[in-house]
Amino acid sequence: MAEVKRRTLLAGAAALGGTAAAVAAPGIAAASTTAPGAAASPAPVTLGPDDPRYSSLTRRGSNGRFVGKPERVHVVSTTEQVVAAVQRAVRDGKRIAVRSGGHCFENFVDDPSVRVLIDTSPMRAVRYDAARRAFAVEPGALLGEVYRALFLGWGVSIPAGATAEVGVGGHVLGGGYGTLSRRYGLSVDHLYAVEVVVVDRSGRARSVVATRDPKDPHHDLWWAHTGGGGGNFGIVTCYWFRDPAAKGDDPARLLPKAPASILSFSATWNWKDIDERAFTRLVRNHGTWHEHNSAPDSPYADLFSVLMLSTRNTGTNLLVGHLDATTPDAERRMRAYVDAVAGGTGAKPTVQHTVRPWLEAVALVQETEPAPFKVKCGYLRKGYTERQLTALHHHLAGPASENISGALWLVSYGGKVNTVAPDATAVAQRDSILKAIYMTSWEGEEPAGAKPLAWLRDFYRDVYADTGGVPVPGEVSDGSFINYPDRDLSDPKLNTSGVPWHTLYYKDNYPRLQRVKARWDPRDEFRHGLSVRLPG
């Protein structure tokens with residue numbers, strides 16, 4: 001059960017932090033050169049609480065803490081159906097939320113004030129659009145489905161999440177990163193265009209296509225969707241992907257090539273073999289290695305790993321990852337990496353590795369049972385300080401962690417991601433080397449979460465005690481990741497830094513996002529607990 005919960009958490013890491021879909025049976029639309037929505041599509045479905053399908057749609061969010069109770073759910077298959085559903089909600093004065101995959105970490109979709117839920121999970125086509133020389137992907141498509149369609153059709157991929165069951169929907173909106181990102185950048189670094197259903201000042205709903213062409217009059221809407229987060233400006237009904245450096249019209253050359261096979265590995269340390277000195281050395285080694293090996297030209301640019309540091313009662317700490325197995329020295333580099341992390345700890349890990357076809361490793365879709373959890377996040381520009389290392393050990397191995405299912409995951413970052421200017425996309429964090437994901441989960445209703453939540457908040461506050469309890473951008477930290485939304489950052493009792501939540505997520509890009517909000521959602525129809533606010 002603990003591993004199921006861990007997979008649920010990383011699913012959001014890919015996903016949205018945001019929305020991804022897993023409602024219909026996995027399937028791949030045939031490749032075509034037509035735009036999404038051109039073929040005949042199922043009629044829209046609108047249902048309420050008395051419909052037997054209602055609970056299946058309102059309870060499919062991955063975070064079991066939250067279950068919405070909207071007045072109606074619209075299950076849509078085309079952009080036109082989304083426009084109609086939005087128009088009806090605006091006319092009725094009902095608050096709107098959209099779900100494509102259900103991996104939002106907070107209650108943005110399942111807030112009690114949401115009266116109309118628009119479910120885009122049937123929208124899962126993956127096509128090559130010859131007119132735009134780009135791959136069109138609808139928001140309900142699961143990452144595993146996208147990987148399969150792109151790889152089998154053209155031998156290409158997009159750098160996106162590590163969990164196949166996460167959907168494209170909200171995943172891309174927050175930036176989109178994963179196993180290929182150190183090598184190729186973020187998902188949004190390959191986003192050519194986006195189709196969005198918006199509502200103008202008069203209350204009229206319509207669809208708009210915005211591209212990365214600076215001359216496009218809708219260019220600012222495209223920019224806002226390159227890391228601005230979901231639920232802010234409208235409802236995305238299609239993404240188009242193309243590498244900005246790609247030339248010609250051969251689809252097999254318009255996105256990065258996926259590796260033929262990968263070398264997957266794991267290294268396991270038993271907590272009984274690790275004291276505080278060994279633990280801090282392990283985490284220090286890991287941070288130092290990433291400081292020295294996260295440049296875009298690093299021979300380790302193809303390495304993706306997660307150091308999973310769990311509470312002592314779980315028994316083990318785990319380093320998992322993979323490299324491109326087609327490189328002649330993949331196994332040597334893997335062993336050198338594990339040795340560097342383990343060096344000087346006095347604790348010898350159990351190491352395993354295997355070589356698998358790339359598609360087998362990334363495209364297996366298994367729906368994860370919802371479980372209640374809480375996640376907090378922070379970017380790392382360098383390894384933790386000595387004081388922070390002490391805090392990590394105290395909260396993961398000290399008395400307060402007893403009977404807690406909790407963990408800190410340190411996820412590889414940097415590489416090609418850091419070659420893009422902070423204002424070129426809405427993702428402002430462009431010189432970090434790791435993402436830190438703090439998490440806890442529990443069984444049962446919300447009262448059962450009181451102790452784990454208190455533990456996690458104390459843990460996070462202690463790690464960032466020098467900066468008001470949050471990862472204020474500075475020498476070590478660089479704010480947080482909007483796809484792992486955390487409403488605690490907007491709570492002045494928990495964030496005493498004086499730095500507002502939106503600076504932690506967006507830094508200097510926030511005023512521009514507000515201007516885009518004012519232009520494209522002037523009525524604030526699309527909003528949630530951490531949505532971009534209208535200016536003033």
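Here the structure is a predicted model, which is why all the values come from computation and not from measurement. Just so it is clear, the values below take in all heavy atoms, side chains as well, and ignore hydrogens, waters and symmetry mates.
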CA sep, side-chain torsions, deciding dist, call: L410, L380, side chain to side chain contact (heavy atoms under 4.5 Å, CB included)
CA-CA 9 Å; L410 296 170; L380 286 168; 4.0 Å; yes
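- Counting heavy-atom neighbours within 6.0 Å of K69 NZ, excluding the residue itself, gives a total of 12 or less.
- Across V137 and A141, no two heavy atoms sit closer than the pair CG1-CB, 4.1 Å.
- Note: H103 NE2 to S62 OG = 4.5 Å, rounded to the nearest 0.5 Å.
- At a cut-off of 3.5 Å, with distance as the only test, a side-chain donor of D462 or H395 sits close to an acceptor on the other residue.
- Taking the six-membered ring for Trp, Y510 and H502 have ring centres closer than 6.0 Å.
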Residue pair E195, V208: steps toward the side chain to side chain contact (heavy atoms under 4.5 Å, CB included) verdict:
CA-CA 6 Å; E195 182 177 51; V208 176; over 6 Å; no
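- For the pair N509 (side chain) and P422 (backbone), a donor-acceptor distance under 3.5 Å is present.
- Salt-bridge formation is detected for the pair R381/D431: a Lys NZ or Arg NE/NH1/NH2 atom is positioned less than 4.0 Å from an Asp or Glu carboxylate oxygen.
- Minimum heavy-atom separation, D488 to R457: OD2-NE, 2.9 Å.
- Within 6.0 Å of CG in D508 there are 12 or fewer heavy atoms belonging to other residues, nucleotides or ligands.
- The salt bridge (Lys or Arg N to Asp or Glu O under 4.0 Å) with D110 is formed by just one residue from the set R60, R99, R65; it is R99.
- Here the closest heavy-atom approach between residue W222 and residue L191 is recorded as NE1-O, 3.1 Å.
- Of the residues listed (D92, D50, D119), the one engaging R72 in a salt bridge (Lys or Arg N to Asp or Glu O under 4.0 Å) is D92, and it is the only one.
- Of the possible donor and acceptor atoms, one in the side chain of N63 sits under 3.5 Å from a partner among the backbone N and O of F105.
- Side-chain contact check for S490 versus L530: some heavy-atom pair is nearer than 4.5 Å.
- Looking at heavy atoms from C-beta onward, I437 lies in side-chain contact with V411 at the 4.5 angstrom threshold.
- A pairwise comparison of heavy atoms in T58 and V67 identifies O-CG1, 3.8 Å as the closest pair.
- When side chains are defined from C-beta on, N232 does not count as touching L513, because their heavy atoms never get closer than 4.5 Å.
- With Y192 as the aromatic partner, R242 meets the cation-pi criteria of under 6.0 angstrom to the ring centre and within 45 degrees of the ring axis.
- Within 6.0 Å of atom CZ in R59, 12 or fewer heavy atoms from other residues, nucleotides or ligands are found, so the atom counts as exposed in its surroundings.
- Aromatic ring centres of F66 and F108: separated by at least 6.0 Å.
- Of the N and O atoms on the side chains of T46 and H74, at least one donor lies less than 3.5 Å from an acceptor on the other residue.
- Of the candidates V98, V236, V82, V76, V197 forms a side chain to side chain contact (heavy atoms under 4.5 Å, CB included) with just one, namely V82.
- Between the side chain of S480 and the backbone N or O of L504 there is no donor-acceptor pair closer than 3.5 Å.
- Judged by distance alone, with hydrogens and angles left aside, the side-chain atoms of S432 form no donor-acceptor pair with the main-chain N or O of L434 at under 3.5 Å.
- A salt bridge links R115 to E71: one of the charged nitrogens lies within less than 4.0 Å of a carboxylate oxygen.
- S477 places no side-chain N or O within 3.5 Å of a backbone atom of G479 that could act as its donor or acceptor partner.
- Not a single donor-acceptor pair under 3.5 Å links the side chain of T179 to the backbone N or O of F304.
- For the residue pair T79/T237, the side-chain donor-acceptor check at 3.5 Å is satisfied.
- When atom types are taken as modelled, the side chain of Y54 and the backbone of P70 share a donor-acceptor pair closer than 3.5 angstrom.
- Residues passing the ring pair (Phe, Tyr, Trp, His ring centres under 6.0 Å) test with Y460, sequence neighbours excluded: Y438, Y464.
- Proximity of R88 to K94: side-chain heavy atoms (C-beta onward) are nowhere separated by under 4.5 Å.
- Side-chain atoms of D491 never come within 3.5 Å of backbone atoms of R487 as a donor-acceptor pair (strictly under, hydrogens ignored).
- Once rounded to the nearest 0.5 Å, the distance linking OG of S187 with CG of L143 reads 7.5 Å.
- Residues W154 and F135 place their aromatic rings such that the two centres sit under 6.0 Å apart.
- Taking the centre and axis of the six-membered ring of W223, the NZ or CZ atom of R212 falls outside the cone set by 45° and 6.0 Å.
- In plain terms, the two heavy atoms of Y484 and C377 that are nearest each other are CD1-SG, 3.4 Å.
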Using side chain to side chain donor-acceptor pair (under 3.5 Å), reason through T211 and D213 one step at a time and then give a plain yes or no.
CA-CA 5 Å; T211 73; D213 183 351; 5.1 Å; no
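- Looking at D189 and R430, a side-chain N of the basic residue comes within less than 4.0 Å of a carboxylate O on the acidic one, giving a salt bridge.
- Note that the CG atom of L117 and the CZ atom of R95 stand 12.5 Å from one another [nearest 0.5 Å].
- In this structure, the side chains of V420 and N418 stay at 4.5 Å or more apart for every pair of heavy atoms.
- Interatomic distance, D220 CG to K517 NZ, rounded to the nearest 0.5 Å: 13.5 Å.
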Show, in sequence, the C-alpha distance, side-chain angles and deciding distance for C238 and V194, and conclude whether the side chain to side chain contact (heavy atoms under 4.5 Å, CB included) test is met.
CA-CA 6 Å; C238 188; V194 62; over 6 Å; no
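- Looking at T120, its side chain never comes within 3.5 Å of a backbone N or O of M123 through a donor-acceptor pair.
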Can you list the steps and then say if D51 with R53 is a salt bridge (charged side-chain N to carboxylate O under 4.0 Å, His left out)?
CA-CA 5 Å; D51 192 287; R53 296 165 289 183; 2.9 Å; yes
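- Considering only heavy atoms from C-beta on, P122 comes within 4.5 Å of V75 through its side chain.
- Residues H225 and V172 form no side-chain contact, since every pair of their non-hydrogen atoms from C-beta on lies 4.5 Å or further apart.
- Of the possible polar contacts, none joining the S405 side chain to the W442 backbone as a donor-acceptor pair under 3.5 Å is found.
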Run the side chain to side chain contact (heavy atoms under 4.5 Å, CB included) check on I96 and V90 step by step: do they pass?
CA-CA 8 Å; I96 304 166; V90 171; 4.3 Å; yes
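- No salt bridge links D521 with R527; every basic N to acidic carboxylate O contact stays at or beyond 4.0 Å.
- Contact check on D486 versus K374 returns a salt bridge, with a Lys/Arg side-chain nitrogen under 4.0 Å from an Asp/Glu carboxylate oxygen.
- Rounding to the nearest 0.5 angstrom, the gap separating the SG atom in C104 from the NE2 atom in H528 is 7.5 Å.
- Annotation: the span from Y184 atom OH to I158 atom CD1 amounts to 13.5 Å, rounded to 0.5 Å.
- The side-chain heavy atoms of I118 and I235, taken from C-beta on, include a pair separated by under 4.5 Å.
- For the pair H218 and W520, the tightest heavy-atom approach, listed with the atom from each and the gap, is CD2-CH2, 3.5 Å.
- For K435 and F481, the positive end sits near the middle of the six-membered ring, less than 6.0 Å away and at most 45° from its axis.
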